[in-house]
A.B. asks: 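Once you've had a glance at the structure underneath, I'll fire off some questions.
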There are 2 protein chains.
Amino acid sequence: MCGMEKPSNPSEAPEHSFGLLISMIRTELVRALEAALQEEGVDLRFTQFLALKRLALDGPMCAGELARAVDHDAGAMTRVIDQLETKGYVRRQPHEQDRRSLRIAVTDAGMATWQHMAKAHERTLERAQQALSPAERVQLMDSLERVLAALRATG
Amino acid sequence: MCGMEKPSNPSEAPEHSFGLLISMIRTELVRALEAALQEEGVDLRFTQFLALKRLALDGPMCAGELARAVDHDAGAMTRVIDQLETKGYVRRQPHEQDRRSLRIAVTDAGMATWQHMAKAHERTLERAQQALSPAERVQLMDSLERVLAALRATG
DNA sequence: GACACATTGTTGCCTTGACAATTATAACTT
DNA sequence: AAGTTATAATTGTCAAGGCAACAATGTGTC
């Protein structure tokens, strides 16, 4: 009775608001990426993926540094590192100059998994942007960067 | 010691990946909107805001319908409606033809709050897009809609 | 050196959202 | 009409993220 409503006009665009649109894309992207990872046999959630990717690309870094790099709460990052460490993809090493800090390093197993993941990642990203021309993709990323900067600027 | 790292090149763009960029924007947008609402004296979270906005704009609808409209889990939507009902912004009415369904309607207080919110909403959205030209804003929304459609299609 | 203050990582607490199971009602089939 | 299936809302459960409190260590000041 209450199912698929809105018989208004099928030709008209959904006309989503910006906030909802961004939220929906994030949800779908996370779902798509996690599905792609699972197909590849990689058991990682979105956040774990982001952290491992960052470490694999940028090399070892401190926990807080990593948290900022993937825009994650420091407390939550502790647990993400726990998970990655349990899976054997990451190692906590003491920091040379600062005994408060850590040096989070990717293990060999982590690197192997990362190379496995990279394919699934690219495939998902390609699928998301398949309806956009190369120029539009560049424009999209540029606009999004400017939106983010604006939001962060005015605080 | 481990603070603000990355002294590489200040002129170069951060070069975020698409998934992280979308996530960061969502986080900042939610934060900005909730801050703006709070400044306006409206005590609503992002999800509650989305639901009330949808109801205010589209009129009464069923719970499941509303959940789909704001891309929210049905179970979670039950609780959002609980919250909005507790605040007095929304009323659960029985559905005329279907005794399983509900008719979620905005109260007078809810409508007043919505008109209060609308300003904060527009201000936040304007702030987010302030660095984009009108043409770029249209292009951005269009690209995002296409990305969402692509993700949902191959889903 | 002693003190205040800042920073790093961790933990506890709370809220939120996703998913599965449940209940009540409707719709469909025979 | 009886039985089966589908749908609406709710509830329980669990993982994840944000925030505040905390202990350990570093930094700066007198």
Side-chain angles (χ1 to χ4, degrees), chain A residues 1-5 20 23-24 26-32 34-35 38 43-51 60-87 90-104, chain B residues 1-5 20 23-24 26-35 38 43-51 60-86 90-104:
Chain A
M1 174 57 67
C2 237
M4 304 297 117
E5 301 281 332
L20 179 55
S23 285
M24 290 190 295
R26 194 198 108 94
T27 302
E28 290 297 327
L29 201 57
V30 169
R31 194 191 314 270
E34 292 186 347
Q38 200 162 9
D43 183 31
L44 285 181
R45 306 302 300 269
F46 180 66
T47 305
Q48 299 165 357
F49 161 82
L50 283 184
M61 63 183 80
C62 304
E65 214 175 337
L66 178 58
R68 284 188 295 272
V70 300
D71 194 48
H72 210 61
D73 177 75
M77 182 51 74
T78 292
R79 285 142 192 157
V80 172
I81 296 174
D82 287 343
Q83 295 160 349
L84 289 175
E85 202 172 30
T86 300
K87 291 175 191 293
V90 141
R91 218 185 348 248
R92 276 180 169 97
Q93 294 171 337
H95 194 284
E96 315 277 321
Q97 292 95 20
D98 190 337
R99 280 193 301 170
R100 295 169 304 177
S101 298
L102 295 172
R103 210 179 103 100
I104 315 294
Chain B
M1 174 57 67
C2 238
M4 305 295 117
E5 300 282 331
L20 179 55
S23 285
M24 289 190 297
R26 193 197 109 92
T27 302
E28 289 298 328
L29 201 57
V30 169
R31 195 191 313 269
L33 180 60
E34 292 185 346
Q38 200 162 10
D43 183 30
L44 284 181
R45 307 303 300 271
F46 180 65
T47 305
Q48 300 165 355
F49 161 82
L50 283 183
M61 64 183 80
C62 304
E65 214 175 336
L66 178 58
R68 283 189 296 275
V70 300
D71 193 49
H72 210 61
D73 176 76
M77 182 50 74
T78 292
R79 286 147 190 152
V80 172
I81 296 174
D82 287 344
Q83 295 161 349
L84 288 176
E85 203 172 29
T86 299
V90 141
R91 217 185 348 248
R92 277 179 169 97
Q93 294 170 337
H95 195 284
E96 313 277 321
Q97 293 95 18
D98 190 338
R99 282 193 299 170
R100 294 168 305 178
S101 298
L102 296 172
R103 208 180 103 100
I104 316 294

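Naming: A, B, ... by sequence-line order, numbering from 1 per chain.
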A.B. asks: Quick one: does A/Lys87's side chain get under 4.5 Å of A/Gln48's, heavy atoms only?
C.D. replies: yes

A.B. asks: Taking the nucleotide of DNA chain C with the nearest heavy atom to each, does A/Arg31 or A/Asp82 sit closer to the 5' end?
C.D. replies: A/Asp82

A.B. asks: Nearest whole angstrom, please: distance from the P of C/dT7 to the CD of A/Gln97.
C.D. replies: 18 Å

A.B. asks: Rounded to whole Å, how long is the line connecting atom CG of B/Asp73 with atom P of D/dA15?
C.D. replies: 17 Å

A.B. asks: Please classify the nucleic acid contact of A/Gln83 as base, sugar-phosphate, or nothing, using heavy-atom distances under 4.0 Å.
C.D. replies: sugar-phosphate

A.B. asks: Between B/Arg99 and C/dA26, is there a contact of a side-chain N or O with OP1 or OP2 at under 4.0 Å?
C.D. replies: yes

A.B. asks: Considering every strand and a 4.0 Å limit on heavy-atom distances, what is the contact class for A/Gly75: base, sugar-phosphate, or nothing?
C.D. replies: base

A.B. asks: Looking only at side-chain N and O atoms, does A/Thr78 come under 4.0 Å of OP1 or OP2 in C/dT10?
C.D. replies: yes

A.B. asks: Are the side chains of A/Leu102 and A/Gln93 in contact, using a 4.5 Å heavy-atom criterion?
C.D. replies: no

A.B. asks: Of the options D/dG18, C/dT8, C/dT16, whose atoms approach the side-chain atoms of A/Arg100 most closely?
C.D. replies: C/dT8

A.B. asks: Would one find a side-chain N or O of A/Arg103 under 4.0 angstrom from OP1 or OP2 of C/dT8?
C.D. replies: no

A.B. asks: So does B/Arg45 get a side-chain nitrogen or oxygen closer than 4.0 Å to the phosphate oxygens (OP1/OP2) of C/dT16?
C.D. replies: yes

A.B. asks: Picking from D/dT10, C/dC19, D/dA16, which would you name as closest to the side chain of A/Thr47?
C.D. replies: D/dA16

A.B. asks: Which sits closer to the 5' end of DNA chain C, B/Ala76 or A/Ala63, going by the nucleotide each is nearest to?
C.D. replies: A/Ala63

A.B. asks: Quickly, which of A/Thr47, A/Asp82, A/Leu66 forms a side-chain contact (heavy atoms from CB on, under 4.5 Å) with A/Met77? Name it, please.
C.D. replies: A/Leu66

A.B. asks: Tell me, with the steps shown, if B/Gln38 and B/Asp43 meet side chain to side chain contact (heavy atoms under 4.5 Å, CB included).
C.D. replies: CA-CA 6 Å; B/Gln38 200 162 10; B/Asp43 183 30; 6.0 Å; no

A.B. asks: Rounding to an integer number of Å, can you tell me how far A/Glu65 CD sits from C/dT7 P?
C.D. replies: 15 Å

A.B. asks: Counting the atoms with a prime plus P, OP1 and OP2 as sugar-phosphate, which does A/Asp98 contact under 4.0 Å by heavy atoms, base, sugar-phosphate, or nothing?
C.D. replies: sugar-phosphate

A.B. asks: Once you round it to whole Å, what is the distance between C1' of D/dA16 and CE of A/Met77?
C.D. replies: 12 Å

A.B. asks: Is the shortest side-chain N/O distance from A/Ser101 to OP1 or OP2 of D/dT25 below 4.0 Å?
C.D. replies: no

A.B. asks: What does A/His95 touch in the nucleic acid at a heavy-atom separation under 4.0 angstrom: a base, only the sugar-phosphate, or nothing?
C.D. replies: nothing

A.B. asks: For D/dG12, does the base pair up with any side-chain atom of B/Arg79 as donor and acceptor (N or O, under 3.5 Å, distance only)?
C.D. replies: yes

A.B. asks: Whole-Å distance between D/dT7 C1' and B/Met61 CE?
C.D. replies: 18 Å

A.B. asks: Rounded off to whole Å, could you give me the NE2-to-P distance for the A/His72 and D/dA16 pair?
C.D. replies: 9 Å

